[in-house]
Amino acid sequence: MSLSQNYGVLRVIHGHTLHTVGVRQSKYAIRWFSEEQQVCLLTSRETTIGRALSNDCILIDPSISRVHARLVLDPQGWSVYNLTEQNVLQVNEEPLPAGAHIAVHSLDILQFGNTVLQFIAPTVPADLLLTTLADAPADFAESVPLRAPRTDTLDPSSDAHLPSAVSTLPGKDGNHSSDSSDNTCQLAMTALYADIAQTDNAAACPANIADLPLLNAITDRGSPGLHDSLREAALPITTEEKFFGGGITLRFAFHSLRLHKRYALIGAISCFLVLGTVIFMLLSNTLGISTLIHDNPTTLLTVLLVPVIAALGISVLVSFVDRYEREPWYLRLAAFFWGAIIAIPPTVFIEQSLEVLRPMLLGSSNSNILNALFTGLNAGVTEETVKGLGVMLLFIVLRDEFDNVTDGIVYGALIGAGFAMVENILYFAGSPKTFLFLLVSRIVLGWLNHSTFTICFGAALGYIRHTRVRWQHIVIPLLGYLVSVSLHTVFDFVNSYANALALNNPDNVTIVRFSMLASIGDYILLLMVQVVIIFILIKSLAHEASIIREFLTSEVSSGTVYVEEYALLQHSFLRARVERDVLWHYGLRQWFRVRALYQTEIGLAFRKWHVSMGDKPKLGYLQPEDAYRQRIQRLRQVIAAAEERA
């Protein structure tokens, strides 16, 4: 979808949410999170705003008139008209009288009654914009934002058909002031990438953007020095971009490797870790596994498949909840491998060593409570410490990728899933006669137990990315760790004590019933914790949407991010549907490219947010923000070229 289909956007800064009407926006109303109704697309040159349902943008606010204002795009630019006689309409805190109108620019603040909105639109000269915009915009939900801006009159081989706006650029003989130089650059780069999008193959494309006749014509008519500045900003064209450009962050560094080298590296590491885990499991439970093979090979297959299916289910759930700034698949795999492979051997060694010390610590006491408490502490402290080290390592090494609470939940859940998978296999192989009991307790009821414990620490680590307060950087993760250890300890203590009571008093109906109630209450406690985690997750996802909405506004004005992409990025389910449409119509490679484009734009928003939260600049002349912008341009070129060939 090109710029011809959306003119701008209004976003809510304070007040009531926006609602849109009309066939063009009907599918836009499918929202799962409250933060997904904070923007209104401007799909025509005139947009009415008010409380009545007949408006294009509806504000359910009693302080707003039924028809409050109108936004209009004309050859001179954007203007807002005050259609109300009594209620408030302010532009950048300046009141606008009834019946009057005033010019508005991108990033201006508009207040309608008690609701504050921000107007966002590309800063392209209005005369060029109006000559390239279509009169009948296509359905937003039906269109796929693949095309770069295009102008049908552009001819890369000739200056004779340049847009009329080029002749009015400021220069030696022009009448415009030097203040319009930003618009000049924006016009040049917009038309430039439109020119590039027309190129069908790499052979027909110039070796460098600076060689295009269009750029020469624009800069020759521009102000002194503009020619050199645009050429310095020009990037080499590579239509064979492998969907992943170079950059500064760790994700970009990994993607700088060639595709086959990436897969070879990950495959070699995965095979090594999986082989090591299999050998460890065979050595640690040789008797149980050999018995299963000898007695019933089918049971062995069940013992292996059930935990794997449960772990895959958690992985699918994690992919579903990671809606906005998605974690790379190889980092998810690394988290899963930490829980399934790296964390298991030290955990088993430490727990078995502590079991040897049990008689020394407890003496001759046969108290069920003391033994259950020792069991709970042994498992809770040891397992959550080893799993938590994996989350901590990801947080320290991958600070550019560990963005917020959502990432902590994702990595914590995957580490817990991997750990639970291998632990369940060891339990099933060690006690095949109690397979049904273990299936109910560890898979059906305890499917998310280990993930829940580790999520508490992961979410706490993610939270400190939201604050600059130093004491919170220490206290919050410590509290998260204590919560995860406490939950694990309490769960294992109650479970061990209830089982001991039932086994030692099988004929006492009262004690058996008490044991059953205690076991059920154990799972209810975890269910309550999981409900709290879901609430925190929803709040975190809403915060992610607000980061995208706030920190990409200037990128829309500069033309780095298109209007329709800006609106789409905040609507996770609609974006997923658009990505599926790309997969269906254009194939797997194009699907990878479009996903990479969206994730790069979201990554730019998060990088800018991290800078605002105090992250230090990177070493080198190229900062991550610029690397993100360059990669967005490259991806868009490759996407447009692939769409032309399709």
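- Sorted by first and then second residue, the salt bridge (Lys or Arg N to Asp or Glu O under 4.0 Å) pairs with a member in residues 404-415 form an empty list; sequence neighbours excluded.
- The shortest non-hydrogen separation linking His473 to Ile464 is NE2-O, 3.4 Å.
- When all heavy atoms of Glu601 and Leu552 are compared, the pair lying nearest together is O-CD2, 3.6 Å.
- A donor-acceptor pair under 3.5 Å is absent between the side-chain atoms of Ser540 and the main chain of Ile536, judged by distance alone.
- Heavy atoms only, all atoms of each residue included: Ala335 and Ile415 are closest at O-CG1, 3.1 Å.
- Shown here for Ala576 and Arg326, the closest heavy-atom pair between the two residues is CB-NH2, 4.3 Å.
- By the 4.5 Å heavy-atom criterion applied to side chains, Thr454 and Glu383 are not counted as neighbours.
- A heavy-atom distance below 4.5 Å is found between the side chains of Asp615 and Arg399.
- Within the 4.5 Å cutoff, side-chain heavy atoms of Leu527 are placed close to those of Gln530.
- Taking the side chain as every heavy atom from C-beta outward, Phe606 and Ile602 approach each other to under 4.5 Å.
- Contact annotation: the side chain of Glu565 approaches that of Leu597 to within less than 4.5 Å [non-hydrogen atoms, C-beta and beyond].
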Without placing hydrogens or testing angles, list every side-chain donor-acceptor pair under 3.5 Å for residues 312-320, not counting sequence neighbours.
from, atom 1, to, atom 2, distance (Å)
Ser315, OG, Ala311, O, 3.2
Ser319, OG, Ser315, O, 3.1
Ser319, OG, Arg332, NH1, 2.8

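- In this structure, the side chains of Leu635 and Arg595 stay at 4.5 Å or more apart for every pair of heavy atoms.
- Contacts classified as salt bridge (Lys or Arg N to Asp or Glu O under 4.0 Å) and involving residues 345-358 (residues at least two apart or in different chains) are given here: Glu355-Arg358.
- Looking at heavy atoms from C-beta onward, Leu445 lies in side-chain contact with Val440 at the 4.5 angstrom threshold.
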Which atom pairs, donor and acceptor, lie under 3.5 Å between side-chain atoms of residues 496-503 and protein residues at least two apart or in another chain?
from, atom 1, to, atom 2, distance (Å)
Ser496, OG, Asp492, O, 2.8
Asn499, ND2, Asn495, O, 3.1

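- Annotation: ring-ring contact (aromatic ring centres under 6.0 Å, His included) contacts of Phe336 (sequence neighbours excluded): none.
- Annotation for Gly416 and His450: closest pair O-CB, 3.5 Å, computed over non-hydrogen atoms.
- Taking the salt bridge (charged side-chain N to carboxylate O under 4.0 Å, His left out) definition, one finds that Glu544 meets it with nothing, sequence neighbours left out.
- Applying the salt bridge (Lys or Arg N to Asp or Glu O under 4.0 Å) test to pairs two or more places apart or on separate chains, none has a residue in residues 524-538.
- Nearest heavy-atom pair across Leu568 and Tyr598 is CD2-OH, 3.4 Å.
- By the side-chain contact (heavy atoms from CB on, under 4.5 Å) test, His466 pairs with Asn404, Val405, His543, Trp609, sequence neighbours left out.
- Sorted by first then second residue, the salt bridge (Lys or Arg N to Asp or Glu O under 4.0 Å) pairs that include residues 505-529, not counting sequence neighbours, number zero.
- Checking Thr385 against Tyr481 by side-chain atom types alone, a donor-acceptor pair falls below 3.5 Å.
- Glu423 pairs by the salt bridge (charged side-chain N to carboxylate O under 4.0 Å, His left out) definition with Arg442, not counting sequence neighbours.
- For Met516, the CE atom counts as loosely surrounded, since its 6.0 Å shell holds 12 or fewer non-hydrogen atoms of other residues, nucleotides or ligands.
- A cation-pi arrangement is absent between Lys608 and Phe551 under the rule of less than 6.0 angstrom and at most 45 degrees off the ring axis.
- Counting only heavy atoms from C-beta outward, the side chains of Trp338 and Leu394 never approach each other to under 4.5 Å.
- Judged as a ring-ring contact (aromatic ring centres under 6.0 Å, His included), and not counting sequence neighbours, the contacts of Tyr411 are Phe402.
- In this structure, the ring-ring contact (aromatic ring centres under 6.0 Å, His included) partners of Tyr523, at least two apart in sequence or on a different chain, are Phe491.
- The ring pair (Phe, Tyr, Trp, His ring centres under 6.0 Å) test with His488 is passed by exactly one of Phe457, Phe493, Phe453: Phe453.
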